[in-house]
Structure formats: C-alpha cells, structure tokens
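Counting from 1, the numbers follow the sequence of the chain as shown. Here the structure is a predicted model, which is why all the values come from computation and not from measurement.
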Amino acid sequence: MALPGLLLVPLAASAANAPARIVDCSGAAPWCFSPNPIRITVGSTVTWTNNTGPRHTATSDTGAWTTGNIAPGGTSAAVAFPTAGTFPYHCAIHPSMTGTVIVSAAAAPSSAPVRGLASGGGGPQLPIGAALLLLGVGLLAARGVRSNRPHGAGEGIDKVPHQ
C-alpha cells in the first residue's frame, strides 16, 4: 500500500552540468565565451570546451577557481557553483576574453503535491498509476467475494458415495 504514496511524491529539481564553449567571435577580440552570461542554479557545474586553435582558461576574477589550460578541442573539468551569486571570469592567457556565471537559488520543492481538477471542476484527478492500482485491488476483492459465496444446489459439491 506504499505505492499510492510514492505516486504523489513531487519530483525535486536537480542540479545539472551546463556546457560552455570557447569560440571564434566577430569583433575586437578574436575569441569569446559562449553563452555569456552562463545561467545556472545552485549546485550546478559548468564545463568549458575549447573550439578554437590556441589554448585558453576560464579563471575566476577573484582567483576562487580555474580550469587550467584547455587545449584545442579539449573540455575542462567541471567547476561547481554551490552558492548563488554573479561570478565574473576571464581567460588567464587572453585577458580580453571575459565572461560571467550567474547562479540563482534552486526552486524549493513544494511540501504538498499539486492536484489538478477533473474536467468540469468535478474534483481532483487521480494519477494514472493510482487509478490502475485501485482498479487492481477492486478486481482482486471482487474475485475473493465470488470464490467465498455459498454454493447453489448441486454446484461444485463432490458427492461421496455412502457406504
């Protein structure tokens, strides 16, 4: 009977890995970070892939983190962002390359599941899994009632010969 409770548990938002690229760009600087800014939620990570010819880094302006050198075609190790805030960074080799990571607070999971109304406003809808579970229990109960009912005259009674 724990299954119906599991069907109503809300799904929690999870952190993810956000990919970023170092690309050739049009403008004054020959290379840039894309996307810029990178927008993620608390607990997410970012990796940078170098899609250009020379080596690059993604280095925090405060020195809090660095990817180290990223070779052409290479991808950095993941950098985790455990707190909300705005984090500017740059390429330590090419200081004109700058970017920003914006980390927002994760959405708090709801303490109670949200239930939709049935069409016509007739009340809450059951999740399909709960409806199938209830149907199965009802069928099993009906089968049990049928097998335990009294027998009719001569129905299903073994006749034992008298001695």
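- Shown here for Ile93 and Pro95, the closest heavy-atom pair between the two residues is O-CD, 3.5 Å.
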Show the numbers, then the answer: is there a ring pair (Phe, Tyr, Trp, His ring centres under 6.0 Å) between Trp48 and Trp65?
CA-CA 13 Å; Trp48 285 265; Trp65 52 266; 5.5 Å; yes
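- The closest side-chain heavy-atom distance from Val103 to Phe87 is below 4.5 Å.
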Please evaluate residues Thr66 and Thr59 with respect to the criterion side-chain hydrogen bond (donor to acceptor under 3.5 Å, both in side chains), reporting the C-alpha separation (whole Å), side-chain torsions for both, the decisive distance (0.1 Å), and the verdict.
CA-CA 4 Å; Thr66 185; Thr59 304; 2.9 Å; yes
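- Put simply, the side chain of Ile40 does not reach to within 4.5 Å of the side chain of Ile102, judged on heavy atoms.
- At distances below 3.5 Å, at least one donor-acceptor pair connects side-chain atoms of Ser44 with backbone N or O atoms of Ala16.
- Contact check for Phe33 versus Arg21: no side-chain heavy atoms found under the 4.5 Å cut-off.
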Could you go through Thr83 and Val42, starting from their C-alpha distance and side-chain angles, then the distance that decides it, and tell me whether this counts as side-chain contact (heavy atoms from CB on, under 4.5 Å)?
CA-CA 5 Å; Thr83 58; Val42 168; 5.7 Å; no
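- Across all their heavy atoms, Pro35 and Ala20 have their closest contact at CD-CA, 4.3 Å.
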Apply side-chain contact (heavy atoms from CB on, under 4.5 Å) to the pair Val79 and Thr67, showing each step before the final yes or no.
CA-CA 8 Å; Val79 176; Thr67 60; 4.2 Å; yes
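- Between the side chain of Thr100 and the main chain of Pro37, no donor-acceptor pair closer than 3.5 Å is present.
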Verdict with reasoning, Met97 to Ile22, per side-chain contact (heavy atoms from CB on, under 4.5 Å):
CA-CA 9 Å; Met97 290 176 57; Ile22 300 169; 3.6 Å; yes
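- With Asp24 contributing its side chain and Thr52 its backbone, the two residues share no donor-acceptor pair below 3.5 Å.
- With His90 contributing its side chain and Ala58 its backbone, the two residues share no donor-acceptor pair below 3.5 Å.
- The shortest side-chain heavy-atom distance between Arg39 and Val101 does not fall under the 4.5 Å cut-off.
- Across all non-hydrogen atoms, the minimal contact from Ala78 to Thr47 is CA-CG2, 3.6 Å.
- In terms of modelled atom types and a separation under 3.5 Å, the side chain of Asn50 and the main chain of Ile70 share a donor-acceptor contact.
- Side chains of Arg55 and Pro72 form a contact here, defined as non-hydrogen atoms less than 4.5 Å apart.
- Side-chain atoms of Val46 and Phe81, non-hydrogen and from C-beta on, do get closer than 4.5 Å to each other.
- In this structure, the side chains of Ile38 and Tyr89 come closer than 4.5 Å at one or more pairs of heavy atoms.
- Inter-residue side-chain proximity for Cys32 and Val23 is flagged as met; some heavy-atom pair is nearer than 4.5 Å.
- In this pair, His56 and Trp31 present their aromatic rings perpendicular. The plane angle is above 60°, beyond the 30 to 60° band.
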